Amino acid sequence: MVVISPLSEGASSHLSTRLHSYDVFLSFRGLDTRRNFTDHLYKMLIDSNFTIFLDEEEIETGEDLKPELENAIKASRASIVVLSKNYASSTWCLDELVMILEQRRNSNHIVIPIFHHVEPTDVRKQQNSFGIAMAKHKQRMEAETNVEEKSRLARKIEIWGRALKEVSNLKGMDSKGRDHPPLQAATIHH
């Protein structure tokens with residue numbers, strides 16, 4: 001079971017408070033969930049005294065991830081990844097996911113996936129909307145005429161595919177509150 005409690009002023013959390021500016025970084029596709037599910041989740045977490053990083057801006061396709069997003073991921077104790085129908089169509093959502101999972105591997109960063117109207121299997125196998133999105137990324141890569149850019153895109157697509165598989169194998173929940181156990185043996189206990 002994963003338990004995240006808000007950062008407190010107590011002595012036992014003093015070091016954690018210094019190292020983390022946020023309790024939770026929210027990763028989501030604004031097009032799908034900003035005005036509904038994610039806004040409700042954000043309010044619930046704020047009402048429970050969590051400090052949350054929620055990016056208010058949409059980044060245009062093809063733009064690099066903003067440095068403040070990378071810094072916010074590193075400055076958070078946990079990330080909640082809201083995987084929705086159009087999540088994989090956003091290159092910056094996929095870049096965020098890669099960074100979040102790197103942070104998980106390199107520190108005690110907790111990652112909780114929420115499958116919002118999508119099945120973990122679709123994320124894992126990159127089928128349905130996730131398959132369509134990945135196919136579009138591949139088409140864009142194949143249409144690229146600059147050899148270096150084409151190679152860079154091919155590497156990114158491979159990394160994004162691995163990240164989607166990895167996040168789908170973590171213990172998570174769907175937007176109706178049902179648990180989705182991980183396929184791999186490891187469960188996060190904190």
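Below, each value reflects all heavy atoms present in this structure, side chains not excepted, and no hydrogens, waters or symmetry copies. None of the values given here were measured: they were computed from a predicted structure.
A donor-acceptor pair under 3.5 Å is absent between the side-chain atoms of Ser151 and the main chain of Glu148, judged by distance alone. Counting only distance, with no hydrogens or angles, the side chain of Ser89 and the backbone of Asn86 share a donor-acceptor pair below 3.5 Å. Using a distance-only test at 3.5 Å, with no hydrogens or angles considered, no donor-acceptor pair links the side chain of Asp122 to the main chain of Val118.
Below 30°, between 30° and 60°, or above 60°: for Phe53 and Phe25 the angle between ring planes is below 30°, a parallel geometry.
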**OP:** Might you work through the side chain to side chain contact (heavy atoms under 4.5 Å, CB included) test for Arg105 and Glu166, ending with a clear yes or no?
**Re:** CA-CA 11 Å; Arg105 284 188 292 277; Glu166 183 177 342; 2.7 Å; yes

Subject >> His116/Thr38 under side chain to side chain contact (heavy atoms under 4.5 Å, CB included): CA gap, chis, key distance, verdict >> reply: CA-CA 10 Å; His116 182 70; Thr38 301; over 6 Å; no

**OP:** Apply the test side chain to side chain contact (heavy atoms under 4.5 Å, CB included) to residues Leu170 and Leu101: give CA-CA distance (whole Å), side-chain angles for both, the deciding distance (0.1 Å), then the verdict.
**Re:** CA-CA 11 Å; Leu170 297 177; Leu101 293 171; 4.2 Å; yes

**OP:** Show the numbers, then the answer: is there a side chain to side chain contact (heavy atoms under 4.5 Å, CB included) between Leu45 and Ile80?
**Re:** CA-CA 11 Å; Leu45 291 168; Ile80 296 176; 4.0 Å; yes

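Rounding to the nearest 0.5 Å gives a distance of 3.5 Å between CG of Asp47 and NZ of Lys43. Rounding to the nearest 0.5 Å gives a distance of 11.0 Å between CG of Leu97 and CH2 of Trp160. Here Ser27 contributes atom OG and Ile114 contributes atom CD1; the two are 11.0 Å apart, rounded to the nearest 0.5 Å. In this structure, the separation between CD on Glu158 and CE on Met134 is 10.0 Å, given to the nearest 0.5 Å. A distance of 7.0 Å separates CD1 in Ile73 from NE2 in His109, rounded to the nearest 0.5 Å. To the nearest 0.5 angstrom, Ser90 atom OG is 10.5 Å from Phe28 atom CZ.
With sequence neighbours left out, Thr121 forms a side-chain contact (heavy atoms from CB on, under 4.5 Å) with Arg124, Lys125, Gln127. Annotation: side chain to side chain donor-acceptor pair (under 3.5 Å) contacts of Gln139 (sequence neighbours excluded): none. Residues passing the side chain to side chain donor-acceptor pair (under 3.5 Å) test with Asn146: none are found, sequence neighbours excluded. Residues satisfying the side chain to side chain donor-acceptor pair (under 3.5 Å) test with Lys74, not counting sequence neighbours, are Glu70. Applying the ring-ring contact (aromatic ring centres under 6.0 Å, His included) rule to Tyr87 yields no partners; only residues at least two apart in sequence or on another chain are considered. Looking at residues two or more places apart in sequence or on another chain, you find no side chain to side chain donor-acceptor pair (under 3.5 Å) involving Ser129.
Of the charged side-chain nitrogens involved, at least one lies within less than 4.0 Å of a carboxylate oxygen, so that Arg77 and Asp23 count as a salt-bridged pair. Salt-bridge annotation for Arg35 and Asp39: present, with a side-chain N of the basic residue lying under 4.0 Å from a carboxylate O of the acidic one.
When every heavy atom of Arg34 is checked against every heavy atom of Asp55, the shortest pair comes out as NH1-O, 3.2 Å. When all heavy atoms are compared, the tightest approach of Pro120 to Ser168 is O-CB, 3.6 Å. Taking each heavy atom of Phe130 and Ala88 in turn, the nearest pair found is CD2-CB, 3.5 Å.
Proximity of His137 to Met141: side-chain heavy atoms (C-beta onward) are nowhere separated by under 4.5 Å.
Note on Ile46 and Val82: same hydrophobic cluster, where clusters join Ile, Leu, Val, Met, Phe, Trp and Tyr whose side-chain heavy atoms are under 4.5 Å apart, directly or indirectly. Hydrophobic clustering, with ILVMFWY side chains joined whenever heavy atoms are under 4.5 angstrom apart, groups Leu26 together with Met44.
Checked by atom type, the side-chain pair Thr33/Arg29 shows no donor-acceptor distance below 3.5 Å.
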